[in-house]
Colleague: 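Got a structure for you, questions after.
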Amino acid sequence: MSYESVEDDELLAPQGLSEVDDEETQDIEGEWHFAHGFPDTRRAVRVWVDEETRRLTRVRLSTRWRDRLGTRSLDDAFTEAFFLANARVGEIPELARPEQAEPELDPRLTWDDYENVLERVNILGERMRDLDSRAPEDVEWPDFEGDKVSASSSNGHVTVTLSLAGLTDAIAIDKGWLTKARMPEIAESVLNAHERAYARYTPPTYVAGDYDRLAFELARARADLLSILTKEMP
């Protein structure tokens, strides 16, 4: 991770951001690129994140960040920049439904088991049709279990909270400290707080729902049926 204290306004802002009433930014032209980073709408701060993990890699503050913020807080500026970064970079693999491996064939099954296995397949098919007929509120849907993670910088002045997906959810900065803090100190503290939060982060656990569990049972029963059908009839 690295930080730079000075915001040079030659870097482009992602398209669609609100215009900043700043003569240095009025003539910016061209397309935004990932390497340009993600600023807040007032261009007080800019952050860079890893394109795959969305973890913070770099921080930069404008030399006029106080003037640009006006009555808004620096916390809000960072939160806004991270919201933009999170929204523009791909899906989070930790929150993707895990792939379910196909059940292996069972060599112990014989044609003597055929009727019982076929009955299981039919019963599970009926349960699936019943599940399809239920109202959404009567179905247990898949979910993720986990906790948000918070960590403070080593100096205790910046606290970062990561979401269940490991993304920056919020930043809290000591307002008293900000009155005398220098830009490099602020940037370094934001990075340090993130490093500590990432070290504590644990990806959430996928919790299967009704459809997941039933689909697995049905796949297992069909694999058992196939195990029998691949053998010669007596």
Side-chain angles (χ1 to χ4, degrees), residues 1-11 13-14 17 20 22 34-95 144-205:
M1 293 185 180
S2 64
Y3 69 88
E4 295 182 32
S5 61
V6 180
E7 167 68 61
D8 61 48
D9 289 316
E10 294 177 0
L11 292 178
L17 289 180
V20 180
D22 184 340
F34 189 84
H36 293 148
F38 303 90
D40 66 302
T41 54
R42 287 170 171 73
R43 308 288 290 282
V45 302
R46 189 184 300 265
V47 300
W48 284 259
V49 298
D50 182 272
E51 194 164 1
E52 293 185 3
T53 65
R54 291 194 239 190
R55 292 191 172 188
L56 180 65
T57 59
R58 187 177 168 197
V59 176
R60 182 181 286 183
L61 277 75
S62 167
T63 54
R64 293 178 288 112
W65 67 268
R66 298 179 193 275
D67 295 332
R68 292 187 175 188
L69 286 178
T71 59
R72 295 190 62 191
S73 70
L74 190 59
D75 305 30
D76 290 340
F78 272 113
T79 298
E80 188 178 70
F82 278 108
F83 178 82
L84 178 62
N86 295 342
R88 292 182 68 98
V89 185
E91 295 182 355
I92 299 301
E94 288 87 352
L95 292 188
F144 291 90
E145 287 186 351
D147 297 303
K148 289 186 177 182
V149 175
S150 293
S152 297
S153 55
S154 55
N155 60 20
H157 297 305
V158 177
T159 299
V160 168
T161 299
L162 302 181
S163 70
L164 197 65
L167 305 179
T168 303
D169 193 54
I171 293 182
I173 304 176
D174 184 343
K175 292 180 174 56
W177 174 70
L178 273 182
T179 61
K180 56 185 178 181
R182 300 173 59 190
M183 288 186 298
E185 294 175 313
I186 298 171
E188 185 175 17
S189 295
V190 171
L191 282 165
N192 183 243
H194 275 85
E195 289 173 342
R196 290 175 165 230
Y198 294 143
R200 296 181 182 180
Y201 174 72
T202 301
T205 301

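A quick note: this is a predicted structure, and the numbers were derived from the prediction, not measured. Numbers for residues simply follow the sequence, beginning at 1.
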Colleague: Within a strict 4.5 Å, meaning less than it, do heavy atoms of the Phe78 and Ile173 side chains meet?
Modeller: yes
Colleague: Nearest 0.5 angstrom please: Trp65 CH2 to Leu74 CG, how far?
Modeller: 5.0 Å
Colleague: Would you say Arg200's side chain and Ser150's backbone share a donor-acceptor pair under 3.5 angstrom?
Modeller: yes
Colleague: Assess, by modelled atom type and distance only, whether the side chains of Asp76 and Ser73 contain a donor and an acceptor separated by less than 3.5 Å.
Modeller: yes
Colleague: List the atom of Ala187, the atom of Leu61, and the distance in Å for their closest heavy-atom pair.
Modeller: CB-CD1, 4.1 Å
Colleague: Give me the atom names and distance for the closest heavy-atom approach of Arg55 to Tyr198.
Modeller: CA-OH, 3.2 Å
Colleague: Holding to ring pair (Phe, Tyr, Trp, His ring centres under 6.0 Å), I want the full list of residues that pass it with Phe82, two or more places apart in sequence or in another chain.
Modeller: His194
Colleague: Which heavy atom in Leu69 sits nearest to a heavy atom in Ala77, and how many Å separate them?
Modeller: CD2-CB, 3.6 Å
Colleague: For the pair Arg46 (side chain) and His36 (backbone), establish whether a donor and an acceptor sit closer than 3.5 Å, ignoring hydrogens and angles.
Modeller: yes
Colleague: Can you tell me how far apart CG (Leu84) and OG1 (Thr79) are? Round to the nearest 0.5 Å.
Modeller: 12.5 Å
Colleague: Quick check for you: to the nearest 0.5 Å, what is the distance between Ile186 atom CD1 and Leu191 atom CG?
Modeller: 12.5 Å
Colleague: I need the minimum non-hydrogen distance between Asp169 and Ser163, along with the two atoms involved.
Modeller: CB-N, 3.8 Å
Colleague: Does any part of the side chain of Arg58, heavy atoms only, come nearer than 4.5 Å to the side chain of Val47, both counted from C-beta?
Modeller: no
Colleague: Could you tell me if the side chain of Val158 sits less than 4.5 Å from the side chain of Trp177, heavy atoms only?
Modeller: yes
Colleague: Decide yes or no for Thr168 and Leu56: does some side-chain heavy atom of the first lie under 4.5 Å from some side-chain heavy atom of the second?
Modeller: no
Colleague: Quick check: do Val45 and Val190 have side-chain heavy atoms less than 4.5 Å from each other?
Modeller: no
Colleague: Can you confirm whether Glu145 sits close enough to Pro204 that some side-chain heavy atom of one is under 4.5 Å from a side-chain heavy atom of the other?
Modeller: no
Colleague: Under 6.0 Å from the CG atom of Asp147, do we count more than 12 heavy atoms belonging to anything else shown?
Modeller: no
Colleague: Looking only at atom types and distance, does a side-chain atom of Glu188 sit under 3.5 Å from a main-chain N or O of Glu185, one as donor and one as acceptor?
Modeller: no
Colleague: Any non-hydrogen side-chain atom of Leu162 less than 4.5 Å from a side-chain atom of Lys148?
Modeller: no
Colleague: I need the minimum non-hydrogen distance between Phe38 and Ala81, along with the two atoms involved.
Modeller: O-CB, 3.4 Å
Colleague: Between Arg68 and Arg43 (side chain of the first, backbone of the second, donor and acceptor by atom type, cut-off under 3.5 Å), is there such a pair?
Modeller: yes
Colleague: Out of Ser152, Ser189, Ser153, which residue meets the side chain to side chain donor-acceptor pair (under 3.5 Å) rule with Thr159?
Modeller: Ser152
Colleague: Are any of the side-chain heavy atoms of Glu80 and Arg72 separated by less than 4.5 Å?
Modeller: yes
